[in-house]
Amino acid sequence: MQKIHYHLKMAKELTPRSEDYSQWYNDLVVKADLAENSAVRGCMVIKPYGYAIWEKMQRELDRMFKETGHVNAYFPLFIPKSFLSKEADHVEGFAKECAVVTHYRLKTNPDGSGVVVDPEAKLEEELIVRPTSETIIWNTYKNWIHSYRDLPILCNQWANVVRWEMRTRLFLRTAEFLWQEGHTAHETYEEAEKEAQKMLNVYGEFVENFMAVPVIKGVKSETERFAGAVDTYTIEALMQDGKALQSGTSHFLGQNFAKAFDVQYQTREGKLDYVWATSWGVSTRLMGALIMSHSDDNGLVLPPNLAPFQVVIVPIFKNDEQLAQISAKVDEIMAKLKALGVSVKYDDSDTKKPGWKFAEYELKGVPVRLAMGARDLENGTVEVARRDTLTKETVSLEGIDVYVKNLLDEIQKNIFQKALTYRNSMIKKVDSYEDFKVEIEKGGFILAHWDGTPETEAKIKEETKATIRCVPFDTYLDDDKVPGKCMVTGKPSKCRVLFARAY
RNA sequence: CGAGGUGUAGCGCAGUCCGGUUAGCGCAUCUGGUUUGGGACCAGAGGGUCGGGGGUUCGAAUCCCUUCACCUCGACCA
């Protein structure tokens, strides 16, 4: 096996990660054709190649939701302003970033310069473009729920939402983004709590098995939790630059929204009680996590489970006759690969040279590339290159389908393992605030003791830009769960909590 | 909203300080040819409201006024 050394040239060159990680990310998203900025401030255009990845994510998540008993529905984009003010914490959390519809008609500008808002067409009650749908959904659930026989309700919706962010970055934070939001209603505290945990586990499973991104599951601190939730559970991933990315959240909402929207049901005992709720979501931000977890200075590295196509075949030919011979052989290989469930693209276009195609598909993160030329035709071989390790070797066509299938499995495992090894090497234990300030500069997760107060948490954030990502459910270092003393105040702490600088 | 910066061809930039031929360069695009196992080469061609508006001047990408947009850093955030 041979390692490839060369430089990408000119137009499509990426800024190296070591030089400017942030710039590398921006370059990659645009040059790999995933997304681009649109004419609308803060809103992106997701391009076909990027959208194909999102569709694969959607398909798998949707399958998992349905397997756990959920159904899809759709609720309106617009929310009456009054709905948003019914749950106090919830308004507080979202009010500052809402897009508001105030009019419903335009008219020709009297001075002839295009159109203006017709002042006559002012809405009686303004509409908010949903930043999340709890309010409209709970207003609806009120009509759906009367008795314990109506419960549970296990709904999900795939939708777009708008949060008017000050500063945006492709996929990581855009004013409009795509997501799914699950909203469930239950008879009991226990059942809702269990649902919230279950969906967090679904997210964890998806992110680790499909995106090949290891996550730490845990519960958010009071300051970090969702506006209106009793508890927020989270999966936290670590990016290559040492910053954490919250990749999915699942909220136990208690009876907060039921009370705000007066959703009561007749219990089995014939009494009236408020229902218990959860909500949970993942967004196109997952695309950011995917990109920043595996990719390198040559471009995107996609896990086979999410790649729009897992294999690309590039013919190397001098004339039409040769291309025809190669194509005939490639057709056989493609048929065999497809029979094994492998997705393949054959790029026989003659407008680009092989070298250009190699670089292009590397930039786009295609897991496996097969190259076939006259030499291979003669020898009954094909050149197999894998994206994750940038190695290539010449392999016999005999059993190539099984070989490639196994290779894809190996790549999937390898990139997860690589990310896991990196993540684990970046979890540190710190006992003094002085050490904390030093270690946080190096990036990564830090497990430290905290006295549990928002004041201390705020002080740490203020002084170090680090936030509490979560109180992890699992143990990562031997004494995580052993009580100790807060690194800042010295007050008692029940267990270590996870800190990091985050996106 | 605070502090910096940038607007010139599809993209990236030079030219602006110190006003003066027809506004240049690289990449991309198109045509013809030679090529094709890691982003080809040669020859030719097309492409511009110099962000917008106003002013100064014989003359403005360049100077002045004004306005808009975008980027980076902060506050806010999935």
S.K.: What is the distance, rounded to the nearest whole Å, between atom CD of A:Glu36 and atom C1' of B:C11?
M.R.: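 Interatomic distance, CD of A:Glu36 to C1' of B:C11: 12 Å.
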S.K.: So which protein N/O to nucleotides 69-73 of chain B N/O distances come out below 3.5 Å?
M.R.:
{"residue": "B:C73", "atom": "OP2", "partner": "A:Arg167", "partner atom": "NH2", "Å": "2.0"}

S.K.: Any idea how A:Phe177 and A:Trp179 line up, ring-wise: parallel (<30°), tilted (30 to 60°), or perpendicular (>60°)?
M.R.: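 Rings of A:Phe177 and A:Trp179: perpendicular, as their planes differ by over 60°.
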S.K.: Using heavy-atom distances to pick each residue's nearest nucleotide on RNA chain B, tell me which of A:Lys461 and A:Leu377 is more 5'.
M.R.: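 Looking at the nearest nucleotide for each, A:Leu377 comes out on the 5' side.
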S.K.: A:Ala359 has a side chain; which of B:U36, B:G39, B:A78 sits nearest to it?
M.R.: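 Between B:U36, B:G39, B:A78, the one nearest the side chain of A:Ala359 would be B:G39.
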S.K.: How far does the P atom of B:A40 sit from the matching atom of B:C65, given to the nearest Å?
M.R.: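 Each nucleotide's P atom is 49 Å from the other's.
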S.K.: Can you give the donor-acceptor pairs under 3.5 Å from side chains of residues 279-290 of chain A to other protein atoms, not counting sequence neighbours?
M.R.:
{"residue": "A:Ser279", "atom": "OG", "partner": "A:Glu134", "partner atom": "OE2", "Å": "2.7"}
{"residue": "A:Trp280", "atom": "NE1", "partner": "A:Thr278", "partner atom": "OG1", "Å": "3.2"}
{"residue": "A:Ser283", "atom": "OG", "partner": "A:Arg285", "partner atom": "N", "Å": "3.0"}
{"residue": "A:Thr284", "atom": "OG1", "partner": "A:Leu178", "partner atom": "N", "Å": "3.4"}
{"residue": "A:Thr284", "atom": "OG1", "partner": "A:Leu178", "partner atom": "O", "Å": "3.4"}
{"residue": "A:Arg285", "atom": "NE", "partner": "A:Leu172", "partner atom": "O", "Å": "3.1"}
{"residue": "A:Arg285", "atom": "NH1", "partner": "A:Gln246", "partner atom": "O", "Å": "3.3"}

S.K.: For atom C1', what is the distance between B:A69 and B:A78, given to the nearest Å?
M.R.: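 Nearest-Å result for B:A69 against B:A78 at atom C1': 27 Å.
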S.K.: Using a 4.0 Å heavy-atom cut-off, does A:Phe177 contact any base of the nucleic acid, only the sugar-phosphate backbone, or nothing at all?
M.R.: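 Base contact.
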S.K.: Picking from B:G37, B:G39, B:A78, which would you name as closest to the side chain of A:Glu360?
M.R.: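 Selected nucleotide: B:G39.
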S.K.: Check the pair A:Tyr361 / A:Asp347 against side chain to side chain donor-acceptor pair (under 3.5 Å), numbers first and verdict last.
M.R.: CA-CA 10 Å; A:Tyr361 291 117; A:Asp347 187 350; 2.5 Å; yes
S.K.: What is the base-pairing partner of B:C17, counting Watson-Crick and G-U wobble geometry with both distances under 3.5 Å?
M.R.: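 Paired with B:C17, as far as the under-3.5 Å criterion goes, is no nucleotide at all.
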S.K.: Which nucleotide, if any, forms a Watson-Crick or G-U wobble pair with B:U31, using both distances under 3.5 Å?
M.R.: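 Check on B:U31: paired to B:A43, both distances under 3.5 Å.
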S.K.: Ring of A:Phe226, cation from A:Lys220 - is the NZ or CZ under 6.0 Å from the centre and inside 45° of the axis?
M.R.: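 Pair A:Lys220/A:Phe226 does not count as cation-pi.
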S.K.: Could you say whether A:Ala371 or A:Thr284 is positioned toward the 5' end of RNA chain B, judged by the nucleotide with the nearest heavy atom to each?
M.R.: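 Here A:Ala371 is the residue nearer the 5' end.
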S.K.: Can you tell me how far C1' in B:U16 sits from the matching atom in B:A23, rounded to whole Å?
M.R.: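 One C1' to the other, the span is 12 Å.
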S.K.: Would you indicate which nucleotide in B:G39, B:A78, B:G37 comes nearest to any side-chain atom of A:Ile316?
M.R.: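 Within the option list, the nearest is B:G37.
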S.K.: Would one find a side-chain N or O of A:Lys352 under 4.0 angstrom from OP1 or OP2 of B:U36?
M.R.: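 For B:U36, OP1/OP2 do not have a side-chain N/O of A:Lys352 under 4.0 Å.
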S.K.: Can you tell me, in whole Å, how much space there is between the P of B:C13 and that of B:U21?
M.R.: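 So the two P atoms sit 26 Å from each other.
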S.K.: So, is A:Lys353 near the phosphate of B:G39, with a side-chain N or O under 4.0 Å from OP1 or OP2?
M.R.: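 Looking at the OP1 and OP2 atoms of B:G39, neither is under 4.0 Å from any side-chain N or O of A:Lys353.
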S.K.: Which whole number of Å gives the distance between the C1' atom of B:G37 and that of B:C42?
M.R.: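 That atom pair is separated by 23 Å.
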S.K.: Could you walk me through whether A:His90 and A:Glu92 pass side chain to side chain donor-acceptor pair (under 3.5 Å), step by step?
M.R.: CA-CA 5 Å; A:His90 193 68; A:Glu92 176 75 16; over 6 Å; no
S.K.: If pairing requires Watson-Crick or G-U wobble contacts with both distances under 3.5 Å, which nucleotide is the partner of B:C1?
M.R.: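 By the stated definition (distances under 3.5 Å), B:G74 pairs with B:C1.
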S.K.: Does A:Lys352 count as lying over the ring of A:Trp356, i.e. NZ or CZ under 6.0 Å from the six-ring centre, within 45 degrees of the axis?
M.R.: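 Yes, a cation-pi geometry holds between A:Lys352 and A:Trp356.
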S.K.: Less than 6.0 angstrom from the centroid, inside 45 degrees of the normal: does A:Lys217 satisfy that with respect to the ring of A:Phe473?
M.R.: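 No cation-pi geometry.
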